[in-house]
Enquirer: 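Please read through the structure below; I'll follow up with questions.
Per chain, numbering begins at 1; letters A, B, ... match sequence-line order.
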Protein chains: 2
Amino acid sequence: MNSDFTLAIHSLTFLALQPDRMSTSDSISESAGVHPVRIRKVLSLLKKHGFIKSKEGIGGGFIFGLDLSEVNLWDIYKITSEGALKPKCPESNENCIVGANMQKVLCSIFFGAEEHMGEYLKDYTIKEVVDLVKKSQ
Amino acid sequence: MNSDFTLAIHSLTFLALQPDRMSTSDSISESAGVHPVRIRKVLSLLKKHGFIKSKEGIGGGFIFGLDLSEVNLWDIYKITSEGALKPKCPESNENCIVGANMQKVLCSIFFGAEEHMGEYLKDYTIKEVVDLVKKSQ
DNA sequence: CAATCTGTAATGATTACTATTACAGTACGT
DNA sequence: ACGTACTGTAATAGTAATCATTACAGATTG
């Protein structure tokens, strides 16, 4: 799994703590320790799905668009990383009963595993993550 | 996630269908569509944990060491891929409340997610995978 | 219109993953 | 004893995924 999922959580948590003003990709990237372009790419996705708003130009940046408890980690996972659990299977042998059928069996198992993990991730909203971050201070 | 997990499942399923004779890494690799050395590497791990037996020399190969329903996918996941869910976080900024604490918060969430997925994977033994493969024929 | 931001494409660097080669060690058959 | 057919594993090379960086167009403000 790439780190878009964690960067998205990091960014949203950052924005959650600055509810009244816009934050620039530079300030978020400084907090997360990655390049600002990467932040803009991830946040561009989140914006497309309505979680945040952005504004260009002087005084612009990003700001939360919804209530903190309306956004949970499964929502974010689906946007940034859906399918990441399933490893790409190589072309296996169609003449072998295992090779011919394993891929579809594994796909259905991995799909179920992801859905199941989703039930866990749904229990964490950004509000809860914010609380955890504050508490672990 | 790399494909050691799926290769392990593939190999064990293959062995499950050849319960009376040893299978070589060549025959398994042919079924899975990867290089035999890779199969030997994965099976070496499984052997170390007692799931299979191996024998060198003529007539040698790999064979299942336990009952098919004694081995479930969570066992295999733990051996081959534990921690694969958690993306490597970059060094984030210690001077920022988010940067300083996000990593440990995310680690605990990802750990929980993996454990939760484990509960799902425990429900699939190799026996069940074999049945699914047979059924989807 | 200059300054400061987002948005995004394109390129290069780095790291993870996989294939391949090479060879030592083991077991079997003759 | 010796050749053959295996596993076991290290080392190297090739490929793919990930990430950083550069570049620049478009938007907004003063």
Enquirer: Are OP1 or OP2 of C/dT6 and a side-chain N or O of A/Ser25 less than 4.0 angstrom apart?
Expert: yes

Enquirer: Which is true for A/Gly59 with a 4.0 Å heavy-atom rule: it touches a base, it touches only sugar-phosphate, or it touches nothing?
Expert: nothing

Enquirer: Round to a whole Å and report the spacing from CG of B/Asn2 to C1' of C/dT18.
Expert: 10 Å

Enquirer: What's the CZ-C1' distance between A/Arg38 and C/dA10, to the nearest Å?
Expert: 17 Å

Enquirer: Looking at B/Tyr120 and A/Ile109, what are the two nearest heavy atoms and their distance?
Expert: OH-O, 3.1 Å

Enquirer: How many whole angstroms separate atom CD of B/Glu56 from atom C1' of C/dC28?
Expert: 12 Å

Enquirer: Shared ILVMFWY cluster between A/Val42 and A/Ile63, side chains joined below 4.5 angstrom?
Expert: no

Enquirer: Return no unless some side-chain N or O of A/Thr24 is found under 4.0 Å from OP1 or OP2 of C/dT6.
Expert: no

Enquirer: Just wondering, more than 12 heavy atoms not from B/Lys134 lying within 6.0 Å of its NZ?
Expert: no

Enquirer: Reading DNA chain D from 5' onward, which residue's closest nucleotide shows up sooner: B/Val37 or B/Asp26?
Expert: B/Asp26

Enquirer: State whether B/Ser54 places a side-chain N or O below 4.0 Å from either non-bridging phosphate oxygen (OP1 or OP2) of D/dT7.
Expert: no

Enquirer: Round to a whole Å and report the spacing from NE2 of B/His35 to C1' of D/dA13.
Expert: 12 Å

Enquirer: Look at the side chain of B/Ile58 and decide which nucleotide, out of D/dT4, C/dT18, D/dC6, has an atom nearest to it.
Expert: D/dT4

Enquirer: If you assign A/Pro36 and B/Lys47 each to the DNA chain D nucleotide with the nearest heavy atom, which residue ends up on the more 5' nucleotide?
Expert: B/Lys47

Enquirer: Expressed in angstrom and rounded to an integer, what is the separation of A/Lys55 atom NZ from C/dT4 atom C1'?
Expert: 12 Å

Enquirer: Quick one: on DNA chain C, does A/Gly57 or A/Lys41 contact a more 5' nucleotide (nearest heavy atom)?
Expert: A/Gly57

Enquirer: Hey, does the side chain of A/Ser44 come within less than 4.0 Å of C/dT6's phosphate (OP1/OP2), counting only N and O?
Expert: no

Enquirer: With a 4.0 Å cut-off on heavy atoms, is B/Arg40 in touch with a base, just the backbone sugar-phosphate, or nothing at all?
Expert: base

Enquirer: Counting distance only, does the side-chain N/O of A/Ser3 pair as donor-acceptor with the main-chain N or O of A/Thr6 below 3.5 Å?
Expert: no

Enquirer: When the distance from CE of A/Met22 to P of D/dT29 is rounded to whole Å, what number comes out?
Expert: 10 Å

Enquirer: Please name the pair of heavy atoms, one in A/Trp74 and one in A/Glu114, separated by the smallest distance, quoted to 0.1 Å.
Expert: CH2-O, 3.5 Å

Enquirer: How long is the line joining NZ of B/Lys86 and P of C/dA16, in whole Å?
Expert: 13 Å

Enquirer: Please report, rounded to the nearest Å, how far the P atom of C/dT20 is from the CD1 atom of B/Ile39.
Expert: 13 Å

Enquirer: Applying a 4.0 Å non-hydrogen cut-off, can you work out what A/Lys53 is touching in the nucleic acid: base, sugar-phosphate, or nothing?
Expert: nothing

Enquirer: Which part of the nucleic acid, if any, lies within reach of A/Lys48 when heavy atoms closer than 4.0 Å are counted: base, sugar-phosphate only, or nothing?
Expert: nothing

